[in-house]
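As the structure is a prediction and not an experimental result, all values here were calculated from the model.
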Amino acid sequence: MRFNLIGPFEIVTDDGRTYQPGTPKVCQTLALLLTRPGEIVTAEALIRELWGENPPRSAVTTLQTYVYHARRMFTQEELAPPGRCLIVTGPSGYVMRVEDSEVDVRIFERLVTRARYELAEEEPQRALRTVAQALDLWRGPALSNFPAGDVLAGHVVHLEELRIRAFETRIEAQEALGRHRESIPELRKLINDYPLNEWFHSRLIGALGAAGRRAEALQAYQKVRRLLAEELGLEPSAELKRLHGRLLSPARGDRHAVGAAV
């Protein structure tokens, strides 16, 4: 089986069928259990996810009903092999008995960690392949087909931060391979998606400088300088200022001086 949380929540069966649960509360219950496969998720955490700080008096009973409907769904829709019990009741909550390899979020986390390790081991080509596998798992915003509560919202934020880390890893791997020109289109898109991320701005400026496009690099610096001032009332970071200085006075005979600075 495969449980996909990155994008619309869906369940992919062993025979390739795709199923999307139709009840938002059941989706929330299952999704929270799937963020910690094989571990107990307390009833308290599930209730907080489903109703926030003001649960109804019947919250425990209603939660049990949602778990019952989830179990019945697996059986009636033939989503799990016969005899496989996916949701187990524990002393303080519930456990989703699935492997990490059956949950796209856990696969994504593992791949990003591996890519970072490969990059640290000076294997940028392998890191590029690994991080590409991770980013290919994204089908859209996580859990986009139902409203997430406070607990799941924290997991969604964590996933988005990890996605940014994956983008950073890909850019760093391309730089290590000397592929500055190849990084420029992606960096422009990333800056459009994350306009206040100074790291992406610094990498774009460095890549433009390394590609011999100093005028464009200076324009990119002025753009982020205005953006930070208008949006946040801040000056560019020390790293961005150093890049600007190198653009104005590059090391003689070193056309890669700016790119090396990042």
Side-chain angles (χ1 to χ4, degrees), residues 1-112 134 137-163:
M1 296 184 69
R2 177 74 167 267
F3 296 88
N4 293 328
L5 284 70
I6 304 174
F9 175 53
E10 65 181 23
I11 302 166
V12 182
T13 64
D14 289 342
D15 58 5
R17 290 181 295 120
T18 299
Y19 181 83
Q20 290 187 359
T23 307
K25 293 293 189 185
V26 171
C27 286
Q28 282 178 270
T29 302
L30 286 172
L32 188 55
L33 291 173
L34 286 164
T35 61
R36 292 167 54 188
E39 302 177 26
I40 288 182
V41 178
T42 64
E44 179 184 2
L46 286 160
I47 288 170
R48 190 165 71 252
E49 164 62 24
L50 292 168
W51 293 287
E53 299 301 322
N54 298 298
R57 291 183 180 179
S58 61
V60 172
T61 303
T62 306
L63 171 61
Q64 291 170 347
T65 301
Y66 292 142
V67 171
Y68 166 78
H69 283 302
R71 286 170 171 155
R72 189 175 65 173
M73 175 191 73
F74 284 121
T75 301
Q76 289 187 341
E77 300 295 333
E78 299 181 344
L79 302 177
R84 183 176 180 183
C85 181
L86 291 174
I87 307 175
V88 178
T89 303
S92 59
Y94 300 91
V95 179
M96 195 78 179
R97 287 209 173 151
V98 296
E99 301 296 327
D100 283 356
S101 59
E102 295 178 301
V103 185
D104 66 346
V105 168
R106 301 307 286 262
I107 298 169
F108 178 73
E109 292 172 338
R110 186 178 68 242
L111 288 170
V112 174
L137 293 172
W138 281 80
R139 300 170 296 113
L143 305 175
S144 57
N145 54 340
F146 66 90
D150 292 343
V151 183
L152 277 176
H155 289 283
V156 171
V157 170
H158 164 72
L159 270 178
E160 186 58 39
E161 288 295 327
L162 202 59
R163 187 187 188 203

Review point. Given the rule in the side chain to side chain contact (heavy atoms under 4.5 Å, CB included) test, do Tyr94 and Val41 qualify, once you have shown the distances and angles that lead to the verdict?
Key: CA-CA 5 Å; Tyr94 300 91; Val41 178; 5.8 Å; no
Exercise for review: Show your reasoning for whether side chain to side chain contact (heavy atoms under 4.5 Å, CB included) applies to Met73 and Ile11.
Suggested key: CA-CA 11 Å; Met73 175 191 73; Ile11 302 166; 4.0 Å; yes
Exercise for review: Assess whether side chain to side chain contact (heavy atoms under 4.5 Å, CB included) is satisfied between Asn145 and Gln20, documenting all intermediate values.
Suggested key: CA-CA 9 Å; Asn145 54 340; Gln20 290 187 359; 3.7 Å; yes
Check your understanding: Can you check side chain to side chain contact (heavy atoms under 4.5 Å, CB included) on Val98 and Arg84, steps first, answer last?
Key -> CA-CA 10 Å; Val98 296; Arg84 183 176 180 183; 3.8 Å; yes
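Thr42 places a side-chain N or O within 3.5 Å of a backbone atom of Ala45 that can act as its donor or acceptor partner.
With values rounded to the nearest 0.5 angstrom, Trp51 atom CH2 is found 6.0 Å from Leu63 atom CG. Atom CZ of Phe9 is separated from atom CD of Gln28 by 11.0 Å, given to the nearest 0.5 angstrom. How far CD of Glu49 is from CG of Leu46: 8.0 Å, rounded to the nearest 0.5 Å. Distance check: Thr35 OG1 to Leu32 CG gives 4.5 Å after rounding to the nearest 0.5 Å. A distance of 10.5 Å separates OG in Ser144 from CG in Leu5, rounded to the nearest 0.5 Å. Taken to the nearest 0.5 Å, the CE atom of Met96 stands 5.0 Å off from the CG atom of Leu86.
Between Ser101 and Ile107 the shortest heavy-atom distance is O-CD1, 3.4 Å. Arg48 and Val151 get closest at one heavy-atom pair: NE-CG2, 3.8 Å. Between Ala134 and Phe108, the shortest heavy-atom distance links the atoms O-CD1, 3.2 Å. The shortest heavy-atom contact between Ala153 and Ala148 is N-CB, 4.2 Å.
Taking the side chain as every heavy atom from C-beta outward, Thr13 and Met1 never approach each other to under 4.5 Å. When side chains are defined from C-beta on, Asp100 counts as touching Pro37, because their heavy atoms get closer than 4.5 Å. Contact check for Leu137 versus Val105: no side-chain heavy atoms found under the 4.5 Å cut-off. Taking the side chain as every heavy atom from C-beta outward, Lys25 and His69 never approach each other to under 4.5 Å.
Within 6.0 Å of atom CD in Glu44, 12 or fewer heavy atoms from other residues, nucleotides or ligands are found, so the atom counts as exposed in its surroundings. Other residues, nucleotides and ligands contribute more than 12 heavy atoms inside 6.0 Å of the OH atom of Tyr19.
Just one residue in the list Leu33, Val95, Val88 forms a side-chain contact (heavy atoms from CB on, under 4.5 Å) with Ile40, and that residue is Val95.
Defined by atom type and a distance below 3.5 Å, a donor-acceptor pair is present between the side-chain atoms of Arg71 and Thr89.
Taking the salt bridge (charged side-chain N to carboxylate O under 4.0 Å, His left out) definition, one finds that Glu109 meets it with Arg106, sequence neighbours left out.
A salt bridge between Glu77 and Arg17 is absent, with no side-chain N of the basic residue lying under 4.0 Å from a carboxylate O of the acidic one.
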